[in-house]
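For reference, the structure discussed in these notes is given below.
Nothing fancy with the numbering, it's 1 onward along the sequence.
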Amino acid sequence: MKPFSNHTGLVAALDRVNVDTDQMIPKQFCKLLTRDGYGRFLFYDWRYLPGEKPNPEFVLNWPRYQGASVLLTRANFGCGSSREHAPWGVLEYGFRVVIGPSFADIFYNNCFKNGILPVSLPEAQVEELFRRCEEHEGYRLTADLPNQMVTDEMGLRFTFEIDPHRKHILLKGLDDIGMTLEHQEKIAHFEKTRQPSATMHEPVDVKHPTNQR
């Protein structure tokens, strides 16, 4: 997994509440054999008209948001089913940062496992970001994970909270396997020094009680 430290990118504003994972990656696409390919299906039913013609009314198809890598959202983003395909699609589409007032727990956790930084900010601060994004075409934000700060080129500075463990795994680029390998020496030492259980291979004497009348 690619480590995350600082990221500066164009902001795309998705002004919808309760965006669920079923809309992010519709169920019919949850069948690829690898994580690759899900960027094409992100928000599929919103992005495309019949025949996979881009829907000009959907914000991610607007010319001003092409190449965006920071997604600005509303409350309860990532709700619905627990499919991990949703953050796979978000990442492959090109988003490294998702900013909103709140996230569904499972989606929030899955972001960290896939190298995406979800930033939770107060409603008023998110509203200010939406305002700036609408007023300034080409609006860009920088997410600074070490200092836990979101900034723009006009002097805005918002700080955010993050669990220290989640911060660590993003900075180091650790997925579940990577976190296990951090303890590789301890695991190897345990395997070398552990003693087999004394009773592991001993036969068990099972006594059957006699029937008494």
Side-chain angles (χ1 to χ4, degrees), residues 1-14 17-21 24-25 35 38-39 42 67-130 132-133 139-187:
M1 191 172 77
K2 185 178 179 181
F4 187 108
S5 180
N6 293 274
H7 178 80
T8 300
L10 177 68
V11 182
L14 182 60
V17 298
N18 302 319
V19 173
D20 62 59
T21 56
M24 295 169 74
I25 299 292
R35 298 184 181 188
Y38 284 99
L42 184 67
S69 59
V70 178
L71 182 62
L72 184 60
T73 71
R74 293 294 188 181
N76 200 29
F77 187 78
C79 58
S81 64
S82 60
R83 63 191 64 173
E84 196 173 11
H85 311 75
W88 295 350
V90 169
L91 182 63
E92 191 177 84
Y93 184 88
F95 292 117
R96 291 301 309 278
V97 181
V98 184
I99 301 174
S102 60
F103 299 89
D105 288 342
I106 295 177
F107 176 82
Y108 185 80
N109 292 332
N110 283 337
C111 281
F112 291 99
K113 295 180 180 181
N114 290 279
I116 303 166
L117 174 62
V119 176
S120 181
L121 295 174
E123 289 271 5
Q125 293 182 355
V126 172
E127 188 63 43
E128 176 62 17
L129 294 179
F130 268 97
R132 292 187 179 215
C133 187
Y139 184 65
R140 297 166 67 84
L141 283 172
T142 295
D144 179 348
L145 179 57
N147 294 305
Q148 299 177 208
M149 187 174 296
V150 172
T151 62
D152 70 8
E153 298 171 347
M154 296 175 281
L156 175 141
R157 291 180 180 271
F158 290 154
T159 59
F160 61 89
E161 297 297 323
I162 187 172
D163 175 80
H165 173 68
R166 288 170 171 155
K167 181 177 180 179
H168 170 75
I169 64 176
L170 267 187
L171 288 171
K172 296 293 185 179
L174 300 173
D175 56 14
D176 288 343
I177 295 175
M179 285 187 285
T180 301
L181 292 177
E182 278 200 310
H183 305 285
Q184 188 171 5
E185 292 184 3
K186 293 181 179 179
I187 294 171

Shortest non-hydrogen pair, Gly115 vs Arg96, comes out as O-NH2, 2.9 Å
Could you walk me through whether Leu141 and Leu129 pass the side chain to side chain contact (heavy atoms under 4.5 Å, CB included) check? CA-CA 9 Å; Leu141 283 172; Leu129 294 179; 4.1 Å; yes
Decide yes or no on side chain to side chain contact (heavy atoms under 4.5 Å, CB included) for Arg157 and Thr151, but give the supporting numbers first. CA-CA 5 Å; Arg157 291 180 180 271; Thr151 62; 3.8 Å; yes
Are any of the side-chain heavy atoms of His168 and Leu174 separated by less than 4.5 Å? yes
Between Ala143 and Phe4 the two heavy atoms that sit nearest each other are O-CE2, 4.1 Å
Side-chain touch Cys79/Asp20, heavy atoms, less than 4.5 angstrom: yes
Can you tell me how far OG of Ser5 sits from CG of Asp144, rounded to the nearest 0.5 angstrom? 6.5 Å
Locate the shortest heavy-atom distance separating Ser120 from Pro101; write the atom from each residue and the value. OG-O, 3.1 Å
Atom pair SG (Cys133) and CZ (Arg140), whose distance is rounded to the nearest 0.5 Å: 12.0 Å
Reference residue Ile106; test side-chain contact (heavy atoms from CB on, under 4.5 Å); the match among Cys111, Ser82, Pro87: Ser82
Salt bridge flag under 4.0 Å for residues Arg74 and Glu127: yes
Side chain to side chain, Phe160 and Leu117, heavy atoms closer than 4.5 Å: yes
Aromatic rings Phe103 and Tyr108: how do their planes relate, parallel, tilted or perpendicular, breaks at 30° and 60°? tilted
With a 4.5 Å cut-off on side-chain heavy atoms, are Ile116 and Phe95 touching? no
Does a donor on one side chain and an acceptor on the other come within less than 3.5 Å for Arg166 and Asn109? yes
Roughly how far, to the nearest 0.5 Å, is CZ of Phe112 from CE of Met1? 10.0 Å
Residues Asn110 and Asn114: closest non-hydrogen pair is O-ND2, 2.7 Å
Distance col, row Asn147:CG vs Thr142:OG1, nearest 0.5 angstrom, shows 12.0 Å
What heavy-atom pair brings Ala68 and Ala12 nearest, and what distance separates the two atoms? CB-CB, 3.6 Å
Carefully, step by step, assess Leu91 and Arg35 under the rule side chain to side chain contact (heavy atoms under 4.5 Å, CB included). CA-CA 10 Å; Leu91 182 63; Arg35 298 184 181 188; over 6 Å; no
Looking at side-chain heavy atoms only, is the closest gap between Val90 and Val98 below 4.5 Å? yes
Determine, step by step, whether Met154 and Tyr139 satisfy the side chain to side chain contact (heavy atoms under 4.5 Å, CB included) criterion, reporting the C-alpha distance in whole Å, the side-chain angles of both residues, the deciding distance to 0.1 Å, and the verdict. CA-CA 10 Å; Met154 296 175 281; Tyr139 184 65; 3.4 Å; yes
Heavy atoms of Tyr38 and Glu92 approach each other most closely as N-OE1, 3.0 Å
Could you check if a side-chain atom of Leu156 sits within less than 4.5 angstrom of a side-chain atom of Glu128, using non-hydrogen atoms only? yes
Could you give the distance from OH (Tyr93) to CG (Leu42), rounded to the nearest 0.5 Å? 7.5 Å
Do Asn6 and Pro146 come close enough that some side-chain heavy atom pair is under 4.5 Å? yes
Main-chain N/O of Asn76 paired with Ser102 side-chain donor or acceptor, under 3.5 Å: yes
Does a sphere of radius 6.0 Å around CG in Asp105 hold more than 12 heavy atoms from other residues, nucleotides or ligands, not counting ones at 6.0 Å or beyond? no
Trp88 side chain near Ile25 side chain, heavy-atom distance below 4.5 Å: no
In this structure, CG of Leu14 is separated from CE of Met24 (nearest 0.5 Å) by 9.0 Å
